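This report concerns only the one structure given below.
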Amino acid sequence: MNAFLSSKLSLNSNAELERLLCQASADTRRILRKSLVGQELTEEEAITLFSGDGIDYRALLATADQVRKNRCGDTGSFVITRNINFTNVCYMGCTFCNFSKEKDDAEAEFISFDEIADRAEEAWQRGATEVCVQGGLHPDIDKDFYRNVLIAIKRRVPDIHIHAFSPFEIWYGAKKARMTPEVFLRDLKQHGLGSMPGTAAEILAEDTRRKLTKNKLTTAEWVRIIKAAHSVGVPTTSTIMYGHVDTAADWAYHLRLLRDIQKETGGFTEFVPLGFIHYETPLYKADPQNVRTGPTREEHFRMHAVARLMLQGHIDNIQASWVKMGPAVAAQMLRSGANDLGGTLMNESISRAAGGQHGQEVTAQDMVANIEAAGFHPVQRNTLYQTVRDYPQHNHKVSVSTPASLITLVESGV
Ligand SMILES: C[S@@+](CC[C@H](N)C(=O)[O-])C[C@H]1O[C@@H](n2cnc3c(N)ncnc32)[C@H](O)[C@@H]1O
Ligand SMILES: Nc1c(NC[C@H](O)[C@H](O)[C@H](O)CO)[nH]c(=O)[nH]c1=O
Ligand SMILES: N[C@@H](Cc1ccc(O)cc1)C(=O)O
Ligand code: SF4
């Protein structure tokens, strides 16, 4: 175990937490004590926590670790999933995105329904319970396209969970089909849509959102699609993309808005902070003096910790994204508020296109090893956080078999 993790482990004792709280500033201490007894924090209190330094910062992380323990115990989870990015052609021009290409670009891609089904089948054979399907808003996408993606996958792999289409893609498809989001989503659900990624959220505070994208759906439209999904029984994740031209006030506003939605609908399964990958993006290249180079390590810690405290009792799954931070740093987040390491992914292309350097895949075995190294009990979950496979601690070298056999094992109580 590395020095950082072992020092954080000792932080987990209540005596250490008490000592930090005693040394923290009065305001921070008051706010953290509220969290420890399960009380709700205000947006202003979140801003205070985002800005604290020194002991206040360490007390924040230790409190988030304790609240995570209260809410989730010592289980660290992950999901075996494959990303299928069916096209990178997109003219929406979000400046933080280097994944999108023009139609006649040499790197432009728009894979066939057969290829989508092939990838899903291969994923299933490799043990995936989920495919995560998203793409650019290709101009040739017609009103039946999204439904046909679902049909193609389900025909080939009927039991795989389809986690697909961001709120922006749903907005686009519903417009093409001239349907309300509710009618459009109900139809997709009937054709096998299991849940939706809560991407396209980026930063929901409007002033900053406008600096990131001109053509993307507005905050009101994002909220409208998310609520429509929840109202027809399609759960979604929730995300933030942070570390560029955003502020702590934007983060606090974003978390409060997600919490308000969750109080109304209960449809969010998790919150995933997505650190901005800057290298190849137009946003960064156009103004390197004023655009941050993604979150600092400290900002990653703050985000996961404050999210845990702001969302407790409402969204209790906080996912750390290894794609954005790398597996080692993502595992450290488990000691500062997060309880999940997300998907194995198999093919990651969005972050790589922006210059991300953490590869395409983390195998199930490596997920288990990372979770154990952080002092947690590893569990393979499905998209909806039900246990698929429970790994006895200190026994992470077992090989991963297919989901069918895993589910049989779980069901028969073996
Ligand atoms: C690439 S889009 C695909 C779905 C759809 N085109 C959309 O925008 O909703 C999925 C998400 O990737 C994330 N993303 C894109 N570029 C990124 C970058 N440079 N760093 C971090 N996340 C990024 C954004 O949060 C975005 O909503
Ligand atoms: N976090 C990222 C993901 N996540 C996929 C999820 O792990 C999974 O689909 C979800 O947890 C469902 O419950 N995919 C990426 O390509 N990049 C990420 O940063
Ligand atoms: N983690 C997101 C999906 C996602 C996919 C690609 C990304 O670049 C970012 C996020 C979700 O499941 O909701
Ligand atoms: S983030 Fe999505 S909508 Fe925006 S340019 Fe990239 S692929 Fe297109």
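All of these numbers come straight from a predicted model, not from anything done at the bench. Order of appearance sets the numbers: ligands from 1, and atoms from 1 within every ligand.
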[atom] - nearest protein heavy atom and its distance:
atom	value
atom 20 (N) of ligand 1	Ile277 N, 3.0 Å
atom 12 (O) of ligand 1	Ile350 CG2, 3.7 Å
atom 11 (C) of ligand 3	Thr237 OG1, 3.4 Å
atom 17 (C) of ligand 1	Phe96 O, 3.8 Å

Per-residue contact class, [X] against ligand 1 - non-hydrogen pairs under 4.0 Å:
X	value
Leu137	side chain
Asn85	neither
His278	neither

Legend entry - atom 4 (Fe) of ligand 4 reached by Cys94 (N, O or S, under 2.8 Å): yes
Inset, instruction - Return yes or no for this condition: an N or O of Glu202 is under 3.5 Å from an N or O of ligand 1. - result: yes
Legend entry - N or O pair under 3.5 Å between Ala200 and ligand 1: yes
Inset, instruction - Indicate yes or no: does Arg68 engage Asp74 in a salt bridge with an N to O separation below 4.0 Å. - result: yes
Inset, instruction - Answer yes or no for Lys324: is there a heavy-atom contact with ligand 3 below 4.0 Å? - result: yes
Inset, instruction - Examine ligand 3 and decide if any of its atoms is less than 4.0 Å from a heavy atom belonging to His163. - result: yes
Legend entry - Rounded distance (nearest 0.5 Å) linking atom OH of Tyr385 with atom SG of Cys72: 9.0 Å
Inset, instruction - Tell me, please: is Met92 in heavy-atom contact with ligand 1, that is, under 4.0 Å? - result: no
Legend entry - Charged tip of Arg297 within 45° of Phe301 ring normal and under 6.0 Å: no
Legend entry - Close-contact set for ligand 3 against Pro197 heavy atoms, below 4.0 Å: 11 (C), 13 (O)
Using heavy-atom distances only, which candidate in [options] approaches [atom] most closely?
atom	options	value
atom 1 (S) of ligand 4	His138, Met92, Gln134, Lys216	Lys216
atom 21 (C) of ligand 1	Ser321, Gly275, Cys94, Gly294	Gly275
atom 3 (C) of ligand 1	Gly135, Ser166, Ser349	Gly135

Inset, instruction - Report, as yes or no, whether the 6.0 Å neighbourhood of atom NZ on Lys175 holds more than 12 heavy atoms from other residues, nucleotides or ligands. - result: no
Legend entry - Over 12 non-hydrogen atoms of neighbours within 6.0 angstrom of CD in Glu102: no
Inset, instruction - Check each heavy atom of Val323 against ligand 3 and say whether those closer than 4.0 Å belong to the side chain, the backbone, both or neither. - result: neither
